[in-house]
Amino acid sequence: MRPAQEKVRHYFRVKTQQLRAASALPSVEHSGLAGSHREEFQRLYLREILPRRYEIGRGMVYGSLRHRSREADIVIWDAMNYPSLPMLDHSFFFAEAVRGVIESKSRWSTEDFNDVLLKSQAIRDIVLFPGGPNLDDAVALLQLEVAALHAAREHYGLMLSKPHIATAAVFLAGGSASLTDQSVIPPDAIDNADDCWPDLLLLVEPGRVVLKEYREDGGWLFFFNLGDDALLFFTHALLRLLTERIVSTEAPFYFETYAPDVLETEPFMVIPFRPTRPVPSRSPLWHSS
């Protein structure tokens, strides 16, 4: 293993130990105090690792229509381009500003997993109304114009379907026997995966990660056993989710060249699901003559 790869892997393994230690803290009389401490520890980790354009907060995400999130443990929003509204009892985040929401749980339980599904659906139900085309859209339209000129064809522009706000969940302890086989997963969770299953799920103690992806042939849930390298895999996937929801002037950075053996791990289980909402895409509308 190269020195840089060894350093990167060691860094994330140390952070994993710290997260596990946070989950083992002695309980206090008020369970909410212990939970708040664990959530703040995760927020500190994210502030250290995420690019500076992202700010980490806690509060409620509001769409311009009637939809809003439930109380969100960790909100990742684009502080370079959007405001937020600090209020007395929570922070108000505009849906168009939010790139991801993470639910933090101390220990795996069926009840808490169901709570994650409900909160993920509340985020998924928020309708985004971007103010107009961004730089990425403008470049895509120019590329379409060039392609049309080369093909001597006319077009009506692009049909855009933007990504939804990314959702994730972290369970610090427990879950060793959970999500190991499709038979132990509630059928409703799979049938409604497009609506309620988070885009990214991390079980810290067993080192298990579940990644939700959309491809041309439908939606897929990929299950990985990664042990002490699960946090590295999770962070890599989280960066991808966030980058898909911003316009970047530089090539996006992930960890492929610094941890290829970890990030090329094959899933131990793959479960398909049926998308029930538009899949993020950018499709040319050609003129038919």
Asker: With distance as the sole test, does R208 use its side chain to make a donor-acceptor pair with the main-chain N or O of S176 at under 3.5 Å?
Answerer: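 Checking the backbone N and O of S176 against the side chain of R208, a donor-acceptor pair under 3.5 Å is found.
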Asker: Once rounded to the nearest 0.5 Å, what's the spacing between atom CG of L19 and atom CG of L202?
Answerer: 8.0 Å
Asker: Ignoring hydrogens, what is the shortest heavy-atom contact between G59 and S69? Give both atom names and the distance.
Answerer: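 Looks like O-OG, 4.4 Å.
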Asker: Taking the side chain as C-beta and beyond, is there a heavy-atom pair between S84 and F92 under 4.5 Å?
Answerer: no
Asker: Does the pair R9/D229 count as a salt bridge with the N-to-O cut at 4.0 Å?
Answerer: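 Counted as a salt bridge, because a side-chain N and a carboxylate O are separated by less than 4.0 Å.
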Asker: Got a salt bridge between E71 and K119, using NZ or NE/NH1/NH2 to carboxylate O under 4.0 Å?
Answerer: no
Asker: Quick one: closest heavy-atom pair of F234 and A169, and the distance?
Answerer: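 Heavy-atom minimum between the residues: CE1-O, 4.4 Å.
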Asker: Between R99 and E96 (side chain of the first, backbone of the second, donor and acceptor by atom type, cut-off under 3.5 Å), is there such a pair?
Answerer: yes
Asker: Does some side-chain heavy atom of K162 sit less than 4.5 Å from a side-chain heavy atom of R245?
Answerer: no
Asker: Would you say that L117 contacts D188 through its side chain, given a criterion of any heavy-atom pair below 4.5 Å between the two side chains?
Answerer: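 Side chain of L117 against side chain of D188, heavy atoms only: no contact under 4.5 Å found.
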Asker: Would you say I271 and Y214 are hydrophobically clustered, going by side-chain heavy atoms of ILVMFWY under 4.5 Å?
Answerer: yes
Asker: Just do the side chain to side chain contact (heavy atoms under 4.5 Å, CB included) check on L141 and H155 with the steps written out, would you?
Answerer: CA-CA 10 Å; L141 187 57; H155 67 85; 4.2 Å; yes
Asker: Roughly how far, to the nearest 0.5 Å, is CD of E213 from CH2 of W220?
Answerer: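 If we round to the nearest 0.5 Å, W220:CH2 and E213:CD are 11.5 Å apart.
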Asker: Give a yes or no on whether a salt bridge exists between R53 and D78, defined as a side-chain N under 4.0 angstrom from a carboxylate O.
Answerer: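 Salt bridge present between R53 and D78.
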Asker: In Å, rounded to the nearest 0.5 Å, how long is the span from CG of D191 to OG1 of T276?
Answerer: 11.0 Å
Asker: Look at R240 together with E256 and state whether they make a salt bridge at an N to O cut-off of under 4.0 Å.
Answerer: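 Yes, this pair counts.
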Asker: Shortest non-hydrogen contact from A97 to P83?
Answerer: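 Where A97 meets P83 most closely, the heavy atoms are CB-O, 4.5 Å.
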Asker: Measure from the side-chain N and O atoms of R58 to the backbone N and O of I56, and report whether any donor-acceptor pair falls under 3.5 Å.
Answerer: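 No; zero donor-acceptor contacts below 3.5 Å.
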Asker: Before you tell me yes or no, could you show the steps for R124 and R277 under side chain to side chain contact (heavy atoms under 4.5 Å, CB included), namely the whole-Å CA-CA distance, both residues' side-chain angles and the distance that decides it to 0.1 Å?
Answerer: CA-CA 10 Å; R124 193 76 168 90; R277 310 183 189 218; 3.7 Å; yes
Asker: Are a donor atom and an acceptor atom from the side chains of D228 and T16 found within less than 3.5 Å of each other?
Answerer: no
Asker: Any link between M80 and L135 through a network of hydrophobic side chains (Ile, Leu, Val, Met, Phe, Trp, Tyr) touching at under 4.5 Å?
Answerer: no
Asker: Specify the closest pair of heavy atoms between A189 and W197, including all atoms of both residues, with the distance to one decimal.
Answerer: O-CE3, 3.6 Å
Asker: Would you find a donor on one side and an acceptor on the other, under 3.5 Å apart, between the side chain of S281 and the backbone of S283?
Answerer: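 Here the side-chain-to-backbone pair does not exist.
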Asker: Within a 6.0 Å radius of atom CZ on F222, are there more than 12 heavy atoms belonging to other residues, nucleotides or ligands?
Answerer: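 Enclosed.
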Asker: Output the distance between atom CZ (F224) and atom CZ (F233), rounded to the nearest 0.5 Å.
Answerer: 4.0 Å
Asker: So which heavy atom on I126 is nearest to which on A95, and how close?
Answerer: CG2-CB, 3.6 Å
Asker: Are V14 and Y45 connected in a single hydrophobic cluster, I mean Ile/Leu/Val/Met/Phe/Trp/Tyr linked by side-chain heavy atoms less than 4.5 Å apart?
Answerer: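 Y45 does not cluster with V14.
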Asker: Going by heavy atoms in the side chains, are Y254 and T243 under 4.5 Å from each other?
Answerer: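 Y254 vs T243: side chains touch.
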Asker: Do the side chains of R153 and H287 get nearer than 4.5 Å, heavy atoms only?
Answerer: no
Asker: Calculate, to the nearest 0.5 Å, the distance between atoms CG and CD1 belonging to L221 and I185 respectively.
Answerer: 7.5 Å
Asker: Is there a side chain to side chain contact (heavy atoms under 4.5 Å, CB included) between D112 and R107? Walk through the geometry before answering.
Answerer: CA-CA 8 Å; D112 278 339; R107 175 169 290 277; 5.8 Å; no
Asker: Give, for atom CZ of R2 and atom OG1 of T257, the distance between the pair rounded to the nearest 0.5 Å.
Answerer: 8.5 Å
Asker: When you compare the side chain of V61 with that of R68, does any pair of heavy atoms fall below 4.5 Å?
Answerer: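 Contact flag for R68/V61 side chains = no.
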Asker: Can you list the steps and then say if F94 with Y62 is a ring pair (Phe, Tyr, Trp, His ring centres under 6.0 Å)?
Answerer: CA-CA 5 Å; F94 297 96; Y62 290 83; 8.8 Å; no
Asker: Can we call the ring centroids of W108 and F113 under 6.0 Å apart?
Answerer: yes
Asker: Is the closest side-chain heavy-atom distance between P163 and L128 below 4.5 Å?
Answerer: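 Heavy-atom side-chain distance check fails, nothing below 4.5 Å.
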Asker: Atom CD of residue position E48 - does it have more than 12 heavy atoms of other residues, nucleotides or ligands inside 6.0 Å?
Answerer: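 Above 12, so yes.
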Asker: Could you tell me if the ring centre of F12 sits under 6.0 Å from that of F255?
Answerer: yes
Asker: Mind checking whether F268 and F171 sit in one hydrophobic cluster, side chains of I, L, V, M, F, W, Y counted as touching below 4.5 Å?
Answerer: yes
Asker: Are V262 and V204 in one and the same hydrophobic cluster, where Ile, Leu, Val, Met, Phe, Trp and Tyr link if side-chain heavy atoms are under 4.5 Å apart?
Answerer: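 As far as the 4.5 Å side-chain criterion goes, V204 and V262 are connected within one cluster.
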Asker: Write down the atom of L232, the atom of A259, and the distance for their closest heavy-atom approach.
Answerer: CD2-CB, 3.5 Å
Asker: Is the backbone N or O of L231 less than 3.5 Å from a side-chain atom of K15, with the two atoms forming a donor-acceptor pair by type?
Answerer: no
Asker: With side chain to side chain contact (heavy atoms under 4.5 Å, CB included) as the test, would you mind laying out the steps for L211 and L200 before giving the verdict?
Answerer: CA-CA 5 Å; L211 179 62; L200 190 56; 3.9 Å; yes
Asker: Checking side chain to side chain contact (heavy atoms under 4.5 Å, CB included) between K105 and each of L172, D115, V170, which is the one that passes?
Answerer: D115
Asker: Has the side chain of T167 got a donor or acceptor atom that lies under 3.5 Å from a matching backbone atom of D199?
Answerer: yes
Asker: For residues V209 and F223, determine if any side-chain heavy atom of one lies less than 4.5 Å from a side-chain heavy atom of the other.
Answerer: no
Asker: When you measure from the side chain of D73 to the backbone N and O of S104, does any donor-acceptor pair fall under 3.5 Å?
Answerer: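 Pair found, side chain donor or acceptor close to backbone of S104.
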Asker: Taking the side chain from R43 and the backbone from G57, do they hold a donor-acceptor pair closer than 3.5 Å?
Answerer: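 No: the side chain of R43 does not pair with the backbone of G57.
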Asker: Checking E205 side chain against G174 main chain: does a donor-acceptor pair fall under 3.5 Å?
Answerer: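 Pair found, side chain donor or acceptor close to backbone of G174.
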Asker: Should the pair R282-D137 be classified as a salt bridge under the 4.0 Å nitrogen-to-oxygen rule?
Answerer: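 Salt bridge: yes.
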